[in-house]
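For reference, the structure is listed below as structure tokens.
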Amino acid sequence: MKNQFPHLRLRRLRDSANLRDLIRETELSINDFILPLFIKADLKEKIAVSSMPGVFQLGLHDLPDEISKIEQAGIKAVLLFGIPEKKDAQGSDSMHEHGIIAQAIKTIKKIAPNLLVIADTCFCEYTDHGHCGLIAEHNGKHYLDNDATLELLQAQALTQARAGADMIAPSGMIDGMVQAIRNCLDQNEFNHLPIMSYAAKYASSFYGPFREAAEGSPSFGDRKAYQMDPGNRFEALREVEQDVKEGADILMVKPAGAYLDVIADIKQQYPHIPLAAYQVSGEYAMIKAAAEKGWINEQAVALESLLAIKRAGANMIISYFSLDVARWLKAR
Ligand code: PBG
């Protein structure tokens, strides 16, 4: 019979579920996921973060239960944020061997030596002004003192390394942070510790709920002077180029969902460097809120949003949905 319409029939490949499974390019695995945890000093009972249903501020004594739940779910890595009892201008608690982050790392490594513990390395949760480093004043104007902050970042990273962190993740967008931390780790017998750099981190309004969870809102101004302008796509490649030169082992894009173009660009230019993407608090909160209203299907939308992040080029995803993902993937 003569073929009257000899057009390409892609639908041939979609008719059966088995065939769809065979040709699928991207699939989620629990191996891709990193769960963020907020650990607060002197907490009697864990506190729910109201803008992030399912997320809690944890005390040190909540860790045994939480960590065993995480391990049982098959999650391989956690990203730690500490919330100290006392904040000051330098964020001293984060550099102290008995500070909350050092204690949290030690506690988790004792409970679960095989769980990969990644330490967020930044000052906004530890300073009384809520900025990501030291604040200086010049002609009546306050600004973040980049180079003075580098020395403090070295001290913080070293404290985390000594406590037993498996990876250091500087998130402050301080110029030179990767090199400063690399030098410090290398000089202190931690040359085996990798650095995951928040290479392209945007000054995003999607961080809103996180600031409740981590109690790290800036008390004045915003972070536009150090985080990237959401209008800039190609500038991300300059940020990445710099971090690669400085020795970043893993790169990160943040937020994820609204920046898939940036993820794709970086993966294309640097296919040989592992890339992480952070599905941030606002992305999580929006899905949760719409699902609570019954407007969307939480599981389906969450998994689709995460799949899109991976499809764009992320090799790993930091997500507050990680525990749910573990459950959802198992049930499939
Ligand atoms: C800063 C930091 C922030 C987030 C992670 N690390 C907040 C900020 O830069 O204001 C946001 C993460 C999220 O929204 O889930 N140390």
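Atom CH2 of residue Trp328 and atom CD1 of residue Ile30 lie 10.5 Å apart, to the nearest 0.5 angstrom. Here the CG-OG distance, from Asp324 to Ser319, works out to 8.0 Å after rounding to the nearest 0.5 Å. We find the SG-CD1 distance between Cys184 and Ile168 to be 9.0 Å, quoted to the nearest 0.5 Å. To the nearest 0.5 Å, atoms CD1 (Ile108) and CG (Leu115) are separated by 7.0 Å. Distance check, rounded to the nearest 0.5 Å: OG of Ser322 to NZ of Lys76 gives 12.5 Å. To the nearest 0.5 Å, the span separating CG on Asp62 from NZ on Lys69 amounts to 9.5 Å.
Within the 4.5 Å cutoff, side-chain heavy atoms of Met228 are placed close to those of Glu235. Residues Ile266 and Ile273 fail the side-chain proximity criterion, which asks for heavy atoms closer than 4.5 Å. Under the 4.5 Å side-chain criterion, counting only non-hydrogen atoms from C-beta, Leu251 is in contact with Val244. With a 4.5 Å cut-off on side-chain heavy atoms, Asp243 and Ile195 do not count as touching. Glu137 has its side chain out of reach of Tyr143: every pair of non-hydrogen atoms, C-beta onward, lies at least 4.5 Å apart. Here the side chains of Leu185 and Arg182 are in contact, with some heavy-atom distance below 4.5 Å. Within the 4.5 Å cutoff, no side-chain heavy atoms of Leu80 are placed close to those of Ile118. At a threshold of 4.5 Å between non-hydrogen side-chain atoms, the residues Ile318 and Met196 count as touching.
Residues Thr121 and Gln160 bring a donor and an acceptor atom of their side chains to less than 3.5 Å of each other. Side-chain atoms of Asp88 and Ser92 form a donor-acceptor pair, as typed in the model, at a separation below 3.5 Å. Remark: the Glu283 side chain and the Ser305 side chain contain no N/O donor-acceptor pair separated by less than 3.5 Å. Neither side chain, Thr159 nor Glu97, offers a donor N or O lying under 3.5 Å from an acceptor on the other. In this structure, a donor-acceptor pair under 3.5 Å is present between the side chains of Asn315 and Lys267.
Within 6.0 Å of CZ on Phe206 lie no more than 12 heavy atoms contributed by other residues, nucleotides or ligands. Within 6.0 Å of atom CZ in Arg20, more than 12 heavy atoms from other residues, nucleotides or ligands are found, so the atom counts as buried in its surroundings. The number of heavy atoms from other shown groups lying within 6.0 Å of CD (Glu189) does not exceed 12. Heavy-atom neighbours of His192 NE2 from other residues, nucleotides or ligands within 6.0 Å: above the threshold of 12.
Judged by distance alone, with hydrogens and angles left aside, the side-chain atoms of Asn188 form no donor-acceptor pair with the main-chain N or O of Phe190 at under 3.5 Å. A side-chain donor-acceptor contact under 3.5 Å links Asp32 to the backbone of Ser29. At least one donor-acceptor pair under 3.5 Å links the side chain of Gln154 to the backbone N or O of Ala180. The backbone N or O of Phe210 lies less than 3.5 Å from a partner atom in the side chain of Ser281, making a donor-acceptor pair. With Gln103 contributing its side chain and His98 its backbone, the two residues share a donor-acceptor pair below 3.5 Å. A donor-acceptor contact shorter than 3.5 Å links the side chain of Glu246 to the backbone of Val178. Judged by distance alone, the side chain of Asn146 and the main-chain N or O of Asp175 form a donor-acceptor pair under 3.5 Å. Remark: side-chain polar atoms of Asp93 are paired, donor with acceptor, to backbone N or O of Ile100 under 3.5 angstrom. Formation of a donor-acceptor pair under 3.5 Å by the His61 side chain with backbone atoms of Lys44 is found in this model. Checking side-chain atoms of Asp229 against main-chain N and O of Asn232 turns up no donor-acceptor pair under 3.5 Å.
Taking the ring axis of Tyr207 as reference, the NZ or CZ atom of Lys254 stays within 45° of it and closer than 6.0 Å to the ring centre. Within the cation-pi definition used here (under 6.0 Å to the ring centroid, within 45° of the axis), Lys87 does not qualify as a partner of Tyr126.
Annotation for Glu298 and Ala291: closest pair CB-CB, 3.5 Å, computed over non-hydrogen atoms.
Between Glu85 and Lys40, no side-chain nitrogen of the basic residue sits less than 4.0 Å from a carboxylate oxygen of the acidic one, so the salt-bridge criterion is not met. Between Lys86 and Asp128, none of the side-chain N atoms (NZ, or NE/NH1/NH2) sits under 4.0 Å from a carboxylate O, so this pair counts as no salt bridge. Contact check on Asp21 versus Arg24 returns a salt bridge, with a Lys/Arg side-chain nitrogen under 4.0 Å from an Asp/Glu carboxylate oxygen. Between Lys310 and Glu27 no salt bridge is recorded (no basic side-chain N to carboxylate O distance below 4.0 Å).
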| message | Assess the residue pair Leu35 and Ile70 against the criterion (side-chain contact (heavy atoms from CB on, under 4.5 Å)); give the C-alpha distance rounded to whole Å, side-chain angles, the decisive distance to 0.1 Å, and a yes or no. | response | CA-CA 9 Å; Leu35 176 69; Ile70 290 164; 3.7 Å; yes
| request: Begin from the C-alpha positions of Lys110 and Leu63 and carry the test side-chain contact (heavy atoms from CB on, under 4.5 Å) through to its verdict. | output: CA-CA 11 Å; Lys110 207 181 273 171; Leu63 289 174; over 6 Å; no
| Worked verdict on Glu212 versus Ser50 for side-chain contact (heavy atoms from CB on, under 4.5 Å) | CA-CA 8 Å; Glu212 178 197 342; Ser50 62; 3.0 Å; yes
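Across Ile47, Leu58, Asp120, Val55, a single residue satisfies side chain to side chain contact (heavy atoms under 4.5 Å, CB included) together with Phe38, and that is Val55. Each of Leu260, Val262, Val240 was evaluated against Val253; a single residue qualifies, Val262, per the side chain to side chain contact (heavy atoms under 4.5 Å, CB included) test. Put simply, the residue from Leu275, Ile250, Ile309 that forms a side chain to side chain contact (heavy atoms under 4.5 Å, CB included) with Met316 is Ile250.
The aromatic rings of His131 and Tyr226 sit perpendicular to each other, their planes meeting at more than 60°, with 30° as the lower class boundary.
The hydrophobic cluster containing Ile263 also contains Tyr284, counting ILVMFWY residues as joined when their side-chain heavy atoms lie under 4.5 angstrom apart, directly or transitively.
Phe321 has its ring centre no less than 6.0 Å from the ring centre of Phe33.
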